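Notes follow the structure.
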Amino acid sequence: MWQGLSGIRADCGYSYERLERIAAYVRDLLNYSPTEAIDTLQLFDGLDMEVQDGSGRNIPIHGGVIELSDSEGYARYDRDRGVIEVLASLVTYDWLETGHPRGGFFVAHELGHCVLHTDQLVRLAQMPKMQQAALQRGGQGVEHEAYRDTEWQANAFAAALLMPARGLLILEQEYRELSRAIVVEHYCVSAEAARYRLDLCNTRKEQLL
């Protein structure tokens with residue numbers, strides 16, 4: 001098994017194809033077309049979505065800023081308020097304000113946790129803080145495949161949300177040849193994220209479209 005996994009075992013496995021569909025659904029909720037770049041600062045500042053847990057309960061999602069020295073931020077369930085918070089560090093929020101692509105990917109990634117791992121976030125909030133920290137570092141001691149890894153899933157969701165396959169196809173038809181530089185400029189993502197996404201879409205085009 002690939003040793004680069006950094007998350008915990010997810011309740012549900014997700015394929016690239018399914019994550020693409022979920023990300024497209026979230027884009028529709030946010031009123032972004034496949035070719036539009038998401039304004040991640042605006043999304044974070046005005047984050048006002050709901051996700052449904054396994055029991056059918058709607059849980060609001062809100063954004064916030066917190067002082068952190070060892071993390072870019074995280075998503076957590078607040079038991080007292082009954083909401084999921086996406087909390088960004090001061091550095092991460094500065095990235096968002098200055099248009100740094102790392103800040104945008106953070107928002108999309110953590111939104112992925114909210115959408116894909118709702119029940120796990122709720123369960124995590126019921127555990128002692130030391131156990132929460134161990135699980136958030138991936139320290140559960142249980143091997144799992146990449147498609148069952150929470151961090152892999154959130155990363156794949158974020159890439160699909162920020163650079164949808166349908167949008168890349170439209171850009172490819174417009175430019176005739178789609179380069180990494182075009183994707184970086186159009187969707188305000190990093191060169192590395194654009195490269196991974198283009199490679200994936202080129203090898204799995206039939207699945208993702």
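Worth saying up front: this structure is predicted, and the values here are computed from it rather than measured. Below, all heavy atoms of this structure are taken into account, side chains as well, without hydrogens, waters or symmetry copies.
Counting only heavy atoms from C-beta outward, the side chains of His186 and Met163 never approach each other to under 4.5 Å. Under the 4.5 Å side-chain criterion, counting only non-hydrogen atoms from C-beta, Pro60 is not in contact with Asp48. At a threshold of 4.5 Å between non-hydrogen side-chain atoms, the residues Ser179 and Glu172 do not count as touching. Taking the side chain as every heavy atom from C-beta outward, Gln126 and Arg79 approach each other to under 4.5 Å. Contact check for Val122 versus Ile59: side-chain heavy atoms found under the 4.5 Å cut-off. Residues Val65 and Phe44 are in side-chain contact: their nearest non-hydrogen atoms beyond the backbone lie under 4.5 Å apart. Side-chain contact between Asp11 and Arg123: present, with at least one pair of heavy atoms (C-beta onward) separated by less than 4.5 Å. Counting heavy atoms from C-beta outward, Val26 and Met49 have side chains that approach closer than 4.5 Å.
Going from atom CG of Leu47 over to atom CD of Gln42 covers 11.5 Å, rounded to the nearest 0.5 Å. The CZ atom of Arg195 sits 9.5 Å away from atom OG of Ser190, with the distance rounded to the nearest 0.5 Å. Once rounded to the nearest 0.5 Å, the distance linking OG1 of Thr92 with CD of Glu97 reads 11.5 Å. Atom CD1 in Ile61 sits 10.5 Å away from atom CG in Asn58 (nearest 0.5 Å). Taken from CG in Leu124 to OH in Tyr74, the straight-line distance is 11.0 Å, to the nearest 0.5 Å. Between the CZ atom of Arg102 and the CG atom of Leu96 there is a distance of 12.0 Å, given to the nearest 0.5 Å.
Looking at residues two or more places apart in sequence or on another chain, you find a side-chain hydrogen bond (donor to acceptor under 3.5 Å, both in side chains) between Glu85 and Arg76, Arg81. Applying the side-chain hydrogen bond (donor to acceptor under 3.5 Å, both in side chains) criterion to Arg204, with sequence neighbours excluded, gives Gln207.
In terms of modelled atom types and a separation under 3.5 Å, the side chain of Glu72 and the main chain of Val91 share no donor-acceptor contact. Between the side chain of Glu36 and the backbone N or O of Ser33, at least one donor-acceptor pair lies under 3.5 Å. Not one N or O on the side chain of Thr40 forms a donor-acceptor pair closer than 3.5 Å with the backbone of Val107. Side-chain atoms of Tyr77 never come within 3.5 Å of backbone atoms of Asp119 as a donor-acceptor pair (strictly under, hydrogens ignored).
Donor-acceptor pairing under 3.5 Å is recorded for the side chains of Asp149 and His144. A side-chain donor-acceptor contact under 3.5 Å links Asp45 and Tyr93.
Under a hydrophobic-cluster definition in which Ile, Leu, Val, Met, Phe, Trp and Tyr are linked whenever side-chain heavy atoms come within less than 4.5 Å, directly or via other members, Ile22 and Leu30 are assigned to the same cluster. Both Ile182 and Leu162 sit in one connected hydrophobic cluster of ILVMFWY residues. Membership requires side-chain heavy atoms under 4.5 Å apart, directly or through other members. No continuous path of hydrophobic side-chain contacts links Val51 to Val83 [ILVMFWY only; heavy atoms under 4.5 Å]. By the rule that hydrophobic residues join a cluster once side-chain heavy atoms approach within less than 4.5 Å of another member, Val189 and Leu198 end up as members of one cluster.
Ionic pairing of Arg21 and Glu17 is present here: one or more N-O contacts between side-chain nitrogen and carboxylate oxygen are shorter than 4.0 angstrom. Under the 4.0 Å criterion applied to side-chain N and carboxylate O atoms, Arg197 and Glu20 are assigned as salt-bridge partners.
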*Verify side-chain contact (heavy atoms from CB on, under 4.5 Å) between Thr150 and Gln120, making sure each step is shown before the conclusion.*
CA-CA 10 Å; Thr150 52; Gln120 288 181 268; 4.1 Å; yes
*Could you go through the salt bridge (charged side-chain N to carboxylate O under 4.0 Å, His left out) check for Glu50 and Arg57 one step at a time?*
CA-CA 10 Å; Glu50 287 187 343; Arg57 176 181 54 143; over 6 Å; no
*Would you check, one step at a time, whether the test ring pair (Phe, Tyr, Trp, His ring centres under 6.0 Å) holds for Tyr16 with Trp152?*
CA-CA 10 Å; Tyr16 281 117; Trp152 180 91; 5.0 Å; yes
_What verdict does the salt bridge (charged side-chain N to carboxylate O under 4.0 Å, His left out) test give for Arg180 and Asp199, after you've listed the backbone C-alpha separation in whole Å, the side-chain angles of each residue and the deciding distance to 0.1 Å?_
CA-CA 10 Å; Arg180 185 193 316 176; Asp199 287 346; over 6 Å; no
*Apply side-chain contact (heavy atoms from CB on, under 4.5 Å) to the pair Leu171 and Tyr187, showing each step before the final yes or no.*
CA-CA 11 Å; Leu171 290 179; Tyr187 284 114; 3.7 Å; yes
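Using cut-offs of 30° and 60° on the angle between ring planes, the pair His109 and His113 is perpendicular.
The aromatic ring centroids of Phe105 and Trp95 lie 6.0 Å or more from each other.
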